[in-house]
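Note: hydrogens, waters and symmetry copies are ignored here, and every other heavy atom, side chains too, is used. For the single chain, residues carry numbers from 1 onward in sequence order.
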Amino acid sequence: MMVLLCFACKDQTKTADKDNTVNQETKLTAADILGNPDYTAISYGGYRKTTREAQPTVAELKEDMKILAAMGIGIIRTYNVQLPHASNVLKAIRELKQEDPNFEMYVMLGAWIDCKNAWTGQEPDHNVESEANAAEIERAVNLANQYPDIVKVLAVGNEAMVKWATSYYVQPDVILKWVNHLQELKANGELSKDLWITSSDDFASWGGGDAAYHTPDLEALIKAVDYISMHTYPYHNTHYNPEFWLQDEQHSELSEKEQVDAAMQRALEFAQKQYDSVSSYMKSLGVDKPIHIGETGWASVSNGFYGSKGSRATDEYKQAMYHKLMRDWTTEANISCFYFEAFNEPWKDAQNPNGSENHFGLFTVDGKAKYPLWDMVDQGVFKGLTRNGNPIVKTYDGNLETLMETVSVPPTKAEMESH
């Protein structure tokens, strides 16, 4: 059985040293947390149904926070404040802190940014921002001020500048405008001076890909944020840019497991190359600031591009390999990696239950721990914890042989061309 490394566990001496009246962690800033292996990062959405109209309750969110804290997660990322979800997450964390002064969880709070006519059925105008953006930023500011002990980062937009986000993307000047606005609030004492401001976007949007993104507004944005939050998805590139993924004919002498393991190593190197490309572009501007990974992940189910009739990237074994490789690399390099994501969210592709977007979680909706976390189940990390009333147990009833029957070797170039 493949041995998987657990999430970095928090230094237990920290708890013992806490002042009884003032939690030392309330004084921690983003600068203390990001890149700190004691505060493992993850992307979080608590939606359990096929629609976001079914908002998770505060009790359900508290259930999830306890599970994540048990894993050693110290900071989570949320995506918008249009809906009650993020504010309820903050409320849940505060209640948990009131119940247990040693409970600790921080938040990278996302404000969703759109272009004009996004999601309306009308033609999106990518050169004009949505009228809703100002209110979204205002809500985020209010929450950051309401929960300064919890909210340590504000992120303006999610994949809001990348041009394949055709439904809603904006030009960098929109993100720059709001980042500058938030930095001014900090300078004026209307936001904590320790709050870090960023935007979380695809590596290409940060200058790591096509030179078409290299604009004066992007240069100004890179200089305005406190750090760069970049996304990298080798998983999606197994379909869209599969050169790194496809098997070389000469690898056929390797066992199937060895071929899969080699492919996952190539996936790690693909992510590292994208990270390095953003770093190189940033440094070419004379800028040197932290770069953390705002999103990366690997789905465990797909009936589309990444499934058995496509790139064959999808199963829990590959998910576990990718998770381990990314955690090992980023922990060693003092990079925060907001791994996508904690729990499956079935609303993401509601009409297609086996669509990959529904299956990026390390847990299923009903609280089963996927293969990346089987070792934690064995170690009793989740003992006494439940999700939706279900104890945390392993997928596949813990039968590795059954799981491995779902694992396919990546196709060769010739196979892909014949499809």
Side-chain angles (χ1 to χ4, degrees), residues 25-34 41 43-46 52 55 58 61 75-95 97 105-116 118 128-161 168-201 217 220-229 289-290 292 294-295 336 338:
E25 277 70 15
T26 62
K27 300 176 182 175
L28 286 179
T29 66
D32 300 317
I33 295 166
L34 295 180
S43 294
Y44 173 73
R52 287 192 293 177
Q55 286 283 316
V58 171
L61 297 170
I75 182 167
I76 62 172
R77 180 182 168 206
T78 62
Y79 286 79
N80 72 75
V81 288
Q82 300 155 321
L83 300 170
H85 181 274
S87 58
N88 283 338
V89 167
L90 295 169
K91 184 178 181 183
I93 294 170
R94 177 157 288 173
E95 288 186 11
K97 290 177 69 171
M105 188 68 70
Y106 302 103
V107 172
M108 173 182 176
L109 188 69
W112 191 265
I113 297 294
D114 281 329
C115 70
K116 187 176 178 63
V128 180
E129 70 169 316
S130 166
E131 300 86 346
N133 291 346
E136 178 77 348
I137 294 292
E138 186 177 1
R139 285 188 290 267
V141 168
N142 289 340
L143 286 171
N145 282 328
Q146 192 178 346
Y147 296 93
D149 55 323
I150 301 170
V151 177
K152 299 299 176 181
V153 179
L154 282 186
V156 178
N158 175 66
E159 295 176 347
M161 298 183 290
Y168 67 96
Y169 81 81
V170 297
Q171 303 301 336
D173 67 303
V174 173
I175 304 298
L176 176 62
K177 166 191 162 181
W178 291 117
V179 167
N180 284 339
H181 169 71
L182 295 172
Q183 296 289 25
E184 285 171 19
L185 293 181
K186 284 167 58 177
N188 295 336
E190 296 172 65
L191 272 173
S192 167
K193 67 180 185 349
D194 294 320
L195 187 71
W196 271 14
I197 311 301
T198 191
S199 180
S200 207
D201 218 312
D217 284 334
L221 179 63
I222 287 173
K223 291 170 182 174
V225 294
D226 292 304
Y227 77 98
I228 289 173
S229 176
K289 56 184 59 173
H292 297 292
E295 249 187 60
S336 277
F338 286 84

Using 0.5 Å steps for rounding, measure from the [atom1] atom of [X] to the [atom2] atom of [Y].
X	Y	atom1	atom2	result
Glu184	Ile197	CD	CD1	11.5 Å
Asp173	Leu221	CG	CG	10.0 Å
Leu61	His85	CG	NE2	5.5 Å
Arg139	Leu143	CZ	CG	9.5 Å

Whether [X] side chain and [Y] backbone form a donor-acceptor pair below 3.5 Å:
X	Y	answer
Gln82	Trp112	no
Lys289	Ile222	yes
Ser229	His292	no
Asn180	Lys177	no
Lys152	Leu28	yes

Heavy-atom distance under 4.5 Å between the side chains of [X] and [Y], does that happen here?
X	Y	result
Val153	Tyr106	no
Glu159	Tyr79	no
Gln183	Asp226	yes
Ser200	Arg77	yes
Met108	Ser336	no
Glu295	Asn158	yes
Ile137	Ile113	yes
Met161	Asp217	no

- Message: I'd like to know whether NZ of Lys186 has more than 12 heavy-atom contacts from other residues, nucleotides or ligands below 6.0 angstrom.
- Response: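 Enclosed.
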- Quick check: are there more than 12 heavy atoms from other residues, nucleotides or ligands sitting under 6.0 Å from CD of Gln146?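 Yes.
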*For Val151, which of Asn145, Leu191, Leu109 qualifies under side-chain contact (heavy atoms from CB on, under 4.5 Å)?*
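By the side-chain contact (heavy atoms from CB on, under 4.5 Å) criterion, Val151 pairs with just one of Asn145, Leu191, Leu109: Leu109.
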Nearest atoms (heavy-atom pairs only) where [X] meets [Y]:
X	Y	answer
Ser87	Tyr147	O-OH, 4.3 Å
Leu195	Ala144	CD2-CB, 4.2 Å
Arg94	Pro148	NH2-CD, 4.4 Å

Ser130 and Tyr168: side chain donor to acceptor below 3.5 Å: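 Note: Ser130 and Tyr168 side chains miss the donor-acceptor criterion.
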- Task: Applying salt bridge (charged side-chain N to carboxylate O under 4.0 Å, His left out), name anything that partners Glu95, two or more places apart in sequence or on another chain.
- Result: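 In terms of salt bridge (charged side-chain N to carboxylate O under 4.0 Å, His left out), with neighbours along the sequence ignored, Glu95 is linked to Lys62.
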### Query
When the ring planes of Tyr227 and Trp196 are compared, do they come out parallel, tilted or perpendicular, using 30° and 60° as the limits?
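Taking Trp196 first and then Tyr227, their aromatic rings sit tilted (interplane angle of 30° to 60°).
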